[in-house]
Amino acid sequence: MQDTAFDAIVVGSGISGGWAAKELTEKGLKVLMLERGRNIEHIKDYVNATKPPWAYPHRGGRTQEMIKNYPVLKRDYPLNEKNLDYWVDDRESPYTEVKRFDWYRGYHVGGRSLMWGRQSYRFSDIDFEANAKEGIAVDWPIRYKEIAPWYDYVETHAGISGSMEGLPQLPDGKFQPPWPLNCAEQHVADKIKANFGGTRRLIIGRAANATVALPNRNKCQARNACWLGCPFGGYFSTQSSTLPPAMATGRLTLKPWSIVTEVVYDKDTKRATGVRVLDAMTNQSTEYSAKIIFLCASTLNSTWLLMRSATDVWPGGLGSSSGELGHNLMDHHFRLGASGRVEGFDDKYMYGRRPTGFYIPRYRNLGTDKRDYLRGFGYQGGADRADWGRAVAELGIGGDFKDAMAQPGAWSIGATAFGEMLPDHKNRMTLDPEKKDKWGLPVQKIDCATGENEARMRKDMMADMAEMLEAAGVKNVNTYDGGYFPGMGIHEMGTARMGRDPKTSVLNGNNQVWDAPNVFVTDGSCMTSASCVNPSLTYMALTARAADFAVAELKRRNL
């Protein structure tokens, strides 16, 4: 007979869920981790991690059948032959788009921690204070000093490489040695710093790719194949970093193929008592009990679960008493910037396949700089030399042509801007009563769009990069805007925001649902604003902090 009683239940096994499981088990709790998709075992199940391009039937590309079967996934790079089974099947798990929203999901053990871009940056007080200072949405219930020790903690375990820069808008952390800029990037970095008085800075990207070996993990091998799973454990994932220590405690039970359909709520005690789970293979339903529950199913799925829970008390679901559940959906808007040719380094080349590019931290709307929009943006980019692919356009023949193609081409450099999207009550998710998924469950209905603030910001996001490259002597500078729709950044945030008042927020400053204090939500849905930096490191820190608080409250018998 299976055990159905636990001290804690963690819903989801991605970046946040892995951290919750690690922290709660190491603090002595008996934990059940529930994952709606299949298990992917570290090393054993990374079936394509070392496969060469010629071993794929279609050289790793996409087929017409794939394009037909994956109408959302085909919109961007996730649709490819190499790791197609890491992404959700659009046919099994559809959703409704009131306005276009590109939602790229990973339903398996590890979630998107296996496919993420690994860029790891801290929020600063400039981010935590912005809503209050500008009268936007609600104030964050925490400040940098409260989360800084937790950033230290998770960076040390996860293995974040980076350089110390002393920038108030991008706090330094507990870094492993940084990856180096290449010669072209360093040249442009020096020119930018000189030409803009130090207000703009090109630095190496801070990445969760270890440059020094960690327990049970080798350092990154610079293979640039991270999205296939890393058999060396070179980058942070649930499989390589948080699941092993959780399993080592002997207190973790991991159940894949387990779709949590409801948080069970006791209106007399005003506490959750457990969760109801649908077996994705047999469609059998089981109820599990626990003293505390961590929802880490990803932004739109944790909110979906709250909306389906305690509807006999709140028609809008558990956590809906404020009227904010499902609202304030955010992403990072991007897909525009500039690029050009770098001269003078034709006798030099890149070394290895570095797993991160450069980063230009935010500099707009800081200090005396005031724009006609709020917040700011940063850039992610890189420089490299053209390869044989440039021959496709030339269509040359002959021995001289082949010899030329055996040599690297010209150096080029470019960057894409990532801008902050403001929280807006109108950007929301609801349940669609008409459309069902493979298991007969109602799907998410998403109504989200960027606004005027983002439109004004995008003009600077494109023009500024061209300005910096031209100031650095880069030739043939071209700007581009590839267009953007929410979701494309794969940084969905909000819908169950933290706040200081139960009348205007879903969660308090410890990530507890105001309406059920033994339910914690620590994934992207908890975010009160988006900043312009990648958010995953903040999810890690908030999760570790909330787990520490939850165990302390359990011991005090407050939960």
Side-chain angles (χ1 to χ4, degrees), residues 37-38 40-92 102 104-108 110 112-118 182 207 209 220-232 234-235 237 239 335 339 349-357 380-412 414 416 480 482-483 488 490:
R38 68 186 178 106
I40 295 179
E41 288 189 33
H42 187 42
I43 304 175
K44 179 176 81 72
D45 290 335
Y46 303 151
V47 294
N48 290 338
T50 58
K51 188 181 288 187
W54 55 86
Y56 295 92
H58 307 97
R59 299 300 183 266
R62 55 175 66 181
T63 65
Q64 290 303 309
E65 184 179 11
M66 288 162 61
I67 291 170
K68 176 186 172 184
N69 291 336
Y70 295 86
V72 175
L73 215 55
K74 74 178 183 185
R75 297 174 186 173
D76 211 337
Y77 74 90
L79 185 61
N80 71 86
E81 189 178 26
K82 291 185 177 182
N83 70 347
L84 181 60
D85 60 347
Y86 280 10
W87 299 96
V88 166
D89 189 326
D90 294 342
R91 297 161 295 183
E92 293 185 352
D102 293 11
Y104 305 126
R105 299 158 283 171
Y107 292 167
H108 50 252
R112 286 177 296 192
S113 79
L114 285 177
M115 304 99 82
W116 68 308
R118 306 169 310 285
N182 63 41
N209 288 80
C220 174
Q221 304 296 295
R223 299 168 63 241
N224 194 24
C226 309
W227 60 94
L228 303 177
C230 182
F232 304 94
Y235 72 89
S237 67
Q239 275 85 343
R335 289 169 56 93
S339 62
Y349 195 67
M350 301 87 67
Y351 178 76
R353 296 184 177 93
R354 193 184 62 193
T356 184
Q380 297 179 28
D384 60 12
R385 297 192 71 170
D387 60 17
W388 60 267
R390 69 190 190 278
V392 175
E394 302 300 331
L395 295 174
I397 58 173
D400 290 344
F401 172 74
K402 290 180 179 179
D403 288 343
M405 286 307 108
Q407 300 301 315
W411 279 96
S412 63
T416 296
Y480 69 93
M488 283 181 159
I490 322 185

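Just so you know, these numbers use all the heavy atoms, side chains as well, and skip hydrogens, waters and symmetry mates. None of these values were measured; they are calculated from a predicted model.
- With R118 contributing its side chain and C226 its backbone, the two residues share no donor-acceptor pair below 3.5 Å.
- Of the possible polar contacts, one joining the N83 side chain to the W227 backbone as a donor-acceptor pair under 3.5 Å is found.
- Here the side chain of R112 pairs a donor or acceptor atom with the backbone of Y104 at under 3.5 angstrom.
- By the 30° and 60° cut-offs, the orientation of the rings of H108 relative to Y86 is tilted.
- To the nearest 0.5 Å, the span separating CG on N69 from CG on D89 amounts to 7.5 Å.
- Between A55 and K51, the closest heavy-atom pair is CB-CG, 3.3 Å.
- Contact annotation: the side chain of Y349 approaches that of P408 to within less than 4.5 Å [non-hydrogen atoms, C-beta and beyond].
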Check step by step if salt bridge (Lys or Arg N to Asp or Glu O under 4.0 Å) holds for D45 and R38.
CA-CA 11 Å; D45 290 335; R38 68 186 178 106; 5.6 Å; no
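- Panel note: side chain R385, backbone W411; no donor-acceptor pair is recorded below 3.5 Å.
- For the pair W116 (side chain) and S113 (backbone), a donor-acceptor distance under 3.5 Å is present.
- With hydrogens and angles disregarded, a donor-acceptor distance shorter than 3.5 Å links the side chain of R62 to the backbone of L79.
- In plain terms, the two heavy atoms of Y46 and L114 that are nearest each other are OH-CD2, 3.8 Å.
- Here the side chain of D90 pairs a donor or acceptor atom with the backbone of V72 at under 3.5 angstrom.
- Between the CE atom in M488 and the CG atom in D102 there is a gap of 4.5 Å [rounded to 0.5 Å].
- In this structure a side-chain-to-backbone donor-acceptor pair under 3.5 Å is present from N48 to K82.
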Please report the C-alpha distance between D76 and R335 in whole Å, then the side-chain angles of each, then the deciding distance to 0.1 Å, and finally whether the salt bridge (Lys or Arg N to Asp or Glu O under 4.0 Å) criterion is met.
CA-CA 11 Å; D76 211 337; R335 289 169 56 93; 3.7 Å; yes
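- Residues L73 and P78 come closest through the heavy atom pair CD1-CB, 3.6 Å.
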Residues F232, R223; criterion side-chain contact (heavy atoms from CB on, under 4.5 Å); working and verdict:
CA-CA 10 Å; F232 304 94; R223 299 168 63 241; 3.6 Å; yes
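- The closest side-chain heavy-atom distance from T356 to N209 is not below 4.5 Å.
- R59 CZ to E81 CD: the interatomic distance, rounded to the nearest 0.5 Å, is 9.0 Å.
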Verify side-chain contact (heavy atoms from CB on, under 4.5 Å) between Y480 and T416, making sure each step is shown before the conclusion.
CA-CA 9 Å; Y480 69 93; T416 296; 2.5 Å; yes
